[in-house]
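Below is one structure, written out as structure tokens; comments come after it.
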Amino acid sequence: MVVTSSRLLTKSAFKIALSCPHKLFYYGRPDEYENANANDEFLESLAEGGFQVGELAKIYCDVPADCDLKDIMGHEDSLKRTQELMLRDQVNIAEAAFCFGNLFVRVDILKKDGNNIKLIEVKAKSWNPETDNFISSRPKGAVASGIRPYVYDVAFQKYVVCQALKELYPNEDYSVKAFLMMADKSKRADIDGLNQLFKIEKNQQDRAEAVMAPDARQRIAQSKVQVVTPFDVDELCDTIIAGETTEQTTDKNPTCMGMRFVPFIHWAADYYCKDNPCPSDVELAGKCLKCEFHCVEGSKKKDGKRECWLTQVSEDDYDHRPHIATLNGSNLSTNRSKWVGEGKYFMDQLTETELKPYNKKTPDAPGLDDYQRKWLQIGLETGNDGILSRFKAHLNGNTYLDVDGLREEMAKWKYPLHMIDFETTAVALPYYIGMKPYEQVAFQFSHHIIYEDGRIEHAGQYLNEDVTKFPNFEFVRELRRQLSKDKGTIFRYATHENSILCTIAKQLADSNKPDKDELIAFIRSVTHNHDEKKGELYEGLRDMVDLLQVVKRYFYQLDEMHGSNSIKQVLPAVLNSSQYLKDKYSKPIYGSEIKSCNILSDNPLAWITIDAAGHVDSPYHQLPSVGDLIGMSDEDMDQMEQLSTDEKNFEVANGGAALTAYNKLMFCEGETMNEALRQALLRYCELDTMSMVFIWEYFHDMVQR
């Protein structure tokens, strides 16, 4: 296992090649090309608890400290130490190193018992063996797309390890079995504070790593449940290596870029290790729309995504022609891939043939449906008068507002109106006894009230400041206390709050809390569940109104939203569309005329500042930076928000900031909830619900005219 090249195709490089072989050139030149995912390892671990999963797996697999090679950085040194340990008849090694030609892997955990070897790749990914499958039914025999990158990663490692062992020990007959170790969602923790047994620290090389608490092994030994489970993927890996999985044998081959597994590995390694670009022509696909090798504003590095696209389109088109990547709505992922494959990259290339109405299974809702909203965006982005003629009754320049529809909708609402927003987190290792991996923890909410006479107040909030305590039930008790004083309509933005409360209701049902029936009844009164498969069908008398759906049906503004319905885009769209809001909130009235839980009356705030061009700056820019308070850059905070936000569930702005801060308090050694951070979290969440108030005020003002 002698290193024969200064550059080797590692696990990380292989995964990049598997997603797109052209990315390898950009990946191999980090000082030259921008990479939006450069800090993903640490940020994803912070979002999911990945470092903790890795350390727990070492305990479950009985890896002794002297066999953990995580601090050995160099290829040669790690290979040497691995070979020394492999001389033992029985040994469990973490980060064992193997090299075959210009291929190099570090195996998360390797267990050697004589000539029998278990190769274990550890991932923070959730897996439920009762419902999840490694093999897809469509197409039959293919590795399921959601797990495919992980299984291919293990197959790559098995191939390299097997070939390296043959070179090193030609007279030995080693048996290598491959496993993928993941957070098992069928298991419930039987000890408290499992996630608190590992804290993230910086080592001497300034790399983040998880450090075990002194009593971690003792406490874990008391547990009879392994919430991180090794799943046997050995036969599947053999089939992948043999090139026999369906996704490799079909004519159109999206997985290994037109060739079988082993030839692809050596083909990619050949040009990557020579620091050459991919020799094949660029073939754009749907995934190219989200390429991470793109430049952020102000970057001085090169833009790899742009370089690829400019092989197919002109510079002027790429920079100025409205792109299908920004088209918003449901069911677009498959369509975008199809359009890109057909060479249709821009909105003005789409016709009724490409974008058809859906076969609806539910009755028509008032206002714009998803199909109409897509065409409204296309019409405004492209300036197509023919398309815009369909919407002219409600169009004023680049703003669409259906006042009549809004008026009818708002007449159904009952005062006082309640705006609520939750902040939550879900990580791989359960917090408390009885919890499964990735169960939601609700740690913060904000609550604004709008009265019938127009009065507005920030009526309440909640923040769990002790991350060692399970907050969900107290969270619901406080929410119930604040919302049970009247029968007014309650609002959320997107599905998040409904989903979280339904999850907590299940947690309550499994608990022995004396007030669980009352709390479940409250949750059912303000939520709905339409899960026919599980027989859970109900709609509460005060079922929360989704303000996002109101926005999507009745309002759109091109200049700020550009297809996005996230409240962080809707908020500036509303503020810049409303002279009423500009006049009202450019005055320092928030905290005095409008009651606030966090802004003092003797130092009230003007939410709106207007620049020389008459544009309203985002109110979020007035708040202290959570990133500064927890020692993270704005770029890292933006990346965390992307990692924590499902594109199908538009969260209220800055959810990533709260989640990041909370997880850092939980996982990072020395982090504490100081007063500055506490105030920042409270004020961000307060602005989240105030943003909902701004939207309501704009709509209310327009329908009253």
Side-chain angles (χ1 to χ4, degrees), residues 1-3 8-15 18 54 57-58 60-64 67-70 72 75 78-123 127 134-135 143 147-182 228-245 248 256 260-266 269:
M1 276 195 300
V2 177
V3 176
L8 301 171
L9 189 76
T10 62
K11 288 196 298 183
S12 298
F14 168 72
K15 286 186 284 186
L18 198 62
K58 293 175 189 177
Y60 284 162
C61 294
D62 196 24
V63 176
C67 296
D68 188 348
L69 313 188
K70 65 181 179 181
I72 302 177
H75 293 151
S78 59
L79 288 168
K80 180 181 177 182
R81 180 57 180 158
T82 298
Q83 291 178 47
E84 291 172 355
L85 293 173
M86 289 288 288
L87 295 175
R88 302 180 187 179
D89 188 56
Q90 291 184 323
V91 66
N92 298 334
I93 311 170
E95 297 290 334
F98 294 88
C99 184
F100 172 61
N102 53 8
L103 311 177
F104 179 86
V105 298
R106 298 285 295 264
V107 177
D108 286 343
I109 296 174
L110 183 137
K111 303 185 74 172
K112 178 179 182 287
D113 184 2
N115 280 16
N116 296 311
I117 290 176
K118 290 184 178 180
L119 182 161
I120 303 171
E121 171 70 6
V122 182
K123 294 293 184 185
W127 190 256
F134 288 104
I135 299 296
V143 182
I147 196 68
R148 188 179 297 167
Y150 304 94
V151 181
Y152 269 67
D153 183 0
V154 184
F156 174 68
Q157 293 178 59
K158 178 171 181 177
Y159 174 73
V160 175
V161 170
C162 287
Q163 297 303 314
L165 290 174
K166 287 178 184 178
E167 279 192 339
L168 282 170
Y169 313 105
N171 298 322
E172 298 286 343
D173 185 18
Y174 279 102
S175 170
V176 179
K177 300 293 184 183
F179 295 83
L180 188 54
M181 197 168 189
M182 297 179 285
V228 181
T229 302
F231 296 96
D232 188 338
V233 292
D234 191 61
E235 288 188 15
L236 182 53
C237 286
D238 287 344
T239 307
I240 291 170
I241 293 170
E244 295 173 355
T245 51
Q248 295 185 69
C256 286
R260 304 295 174 92
F261 186 77
V262 172
F264 172 76
I265 290 172
H266 291 286

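When reading the values below, keep in mind they use all heavy atoms of this one structure, side chains included, and skip hydrogens, waters and symmetry mates.
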Practice task
Quick one: closest heavy-atom pair of A96 and L110, and the distance?
Solution key: CB-CB, 4.2 Å

Handout entry: Contact check, side chains of N115 and E172, non-hydrogen atoms, under 4.5 Å
Key = yes

Problem - Side-chain touch I93/K112, heavy atoms, less than 4.5 angstrom - result: no

Exercise for the section: Measure the shortest side-chain to side-chain distance between I72 and E95 over non-hydrogen atoms and say whether it is less than 4.5 angstrom. Expected result: no

Problem - OH/Y60: more than 12 non-hydrogen atoms of other groups inside 6.0 Å - result: yes

Practice task
Side-chain contact test, heavy atoms from C-beta onward, threshold under 4.5 Å: evaluate it for L85 versus L69 and give yes or no.
Solution key: yes

Practice task
Using the salt bridge (charged side-chain N to carboxylate O under 4.0 Å, His left out) rule, take K15 and D153 through it: C-alpha gap first, then chi angles, then the decisive distance, then the call.
Solution key: CA-CA 7 Å; K15 286 186 284 186; D153 183 0; 3.8 Å; yes

Exercise for the section: Kindly indicate, with the supporting measurements, whether the criterion side chain to side chain contact (heavy atoms under 4.5 Å, CB included) is fulfilled by R148 and I240. Expected result: CA-CA 10 Å; R148 188 179 297 167; I240 291 170; over 6 Å; no

Completion exercise
Closest heavy-atom pair, C61 versus K111, reported as atoms and distance to 0.1 Å, is O-CE, 3.8 Å

Exercise for the section: For D238, enumerate each residue passing the salt bridge (charged side-chain N to carboxylate O under 4.0 Å, His left out) test, keeping only those at least two apart in sequence or located in another chain. Expected result: K158

Practice task
Please check if the side chain of D234 supplies one atom and the backbone of A178 the other of a donor-acceptor pair under 3.5 Å.
Solution key: yes

Practice task
Decide yes or no for V262 and I241: does some side-chain heavy atom of the first lie under 4.5 Å from some side-chain heavy atom of the second?
Solution key: yes

Exercise for the section: Begin from the C-alpha positions of L180 and K123 and carry the test side chain to side chain contact (heavy atoms under 4.5 Å, CB included) through to its verdict. Expected result: CA-CA 7 Å; L180 188 54; K123 294 293 184 185; 4.0 Å; yes

Problem - K58 atom NZ, over 12 foreign heavy atoms within 6.0 Å - result: yes

Practice task
May I ask you to test the F264-Q248 pair for a side-chain heavy-atom distance under 4.5 Å?
Solution key: no

Exercise for the section: Evaluate the ring planes of F104 and H75, with Trp represented by its six-membered ring, and classify them as parallel (under 30°), tilted (30 to 60°) or perpendicular (over 60°). Expected result: tilted

Handout entry: K11: salt bridge (charged side-chain N to carboxylate O under 4.0 Å, His left out) partners, not counting sequence neighbours
Key = D108, E121

Completion exercise
Looking only at heavy atoms, the pair that brings F14 and I265 closest together is CE1-CG1, 3.9 Å

Problem - CZ-CG distance between F134 and D232, expressed to the nearest 0.5 angstrom - result: 8.5 Å

Problem - Distance, nearest 0.5 Å, that separates OG of S78 from CD of Q83 - result: 10.0 Å

Practice task
Check C67 against V91 and note the closest heavy-atom contact, atom names and distance.
Solution key: SG-CG2, 3.8 Å

Problem - H266/L9 under side chain to side chain contact (heavy atoms under 4.5 Å, CB included): CA gap, chis, key distance, verdict - result: CA-CA 9 Å; H266 291 286; L9 189 76; over 6 Å; no

Handout entry: Partner set under salt bridge (charged side-chain N to carboxylate O under 4.0 Å, His left out) for E84, not counting sequence neighbours
Key = R81

Exercise for the section: Take M182 and Y150, measure what side chain to side chain contact (heavy atoms under 4.5 Å, CB included) needs, and give me the verdict at the end. Expected result: CA-CA 10 Å; M182 297 179 285; Y150 304 94; 5.8 Å; no

Handout entry: Side-chain heavy atoms of Y152 within contact of T245, under 4.5 Å
Key = yes

Completion exercise
In short, F98 meets T82 closest at the heavy-atom pair CZ-CG2, 4.0 Å

Fill in the blank from the handout: Nearest heavy-atom approach of G54 to V122 is CA-CG1, 4.1 Å

Exercise for the section: Please examine the side chains of F156 and L18, heavy atoms only from C-beta on, and report whether any two atoms are closer than 4.5 Å. Expected result: no

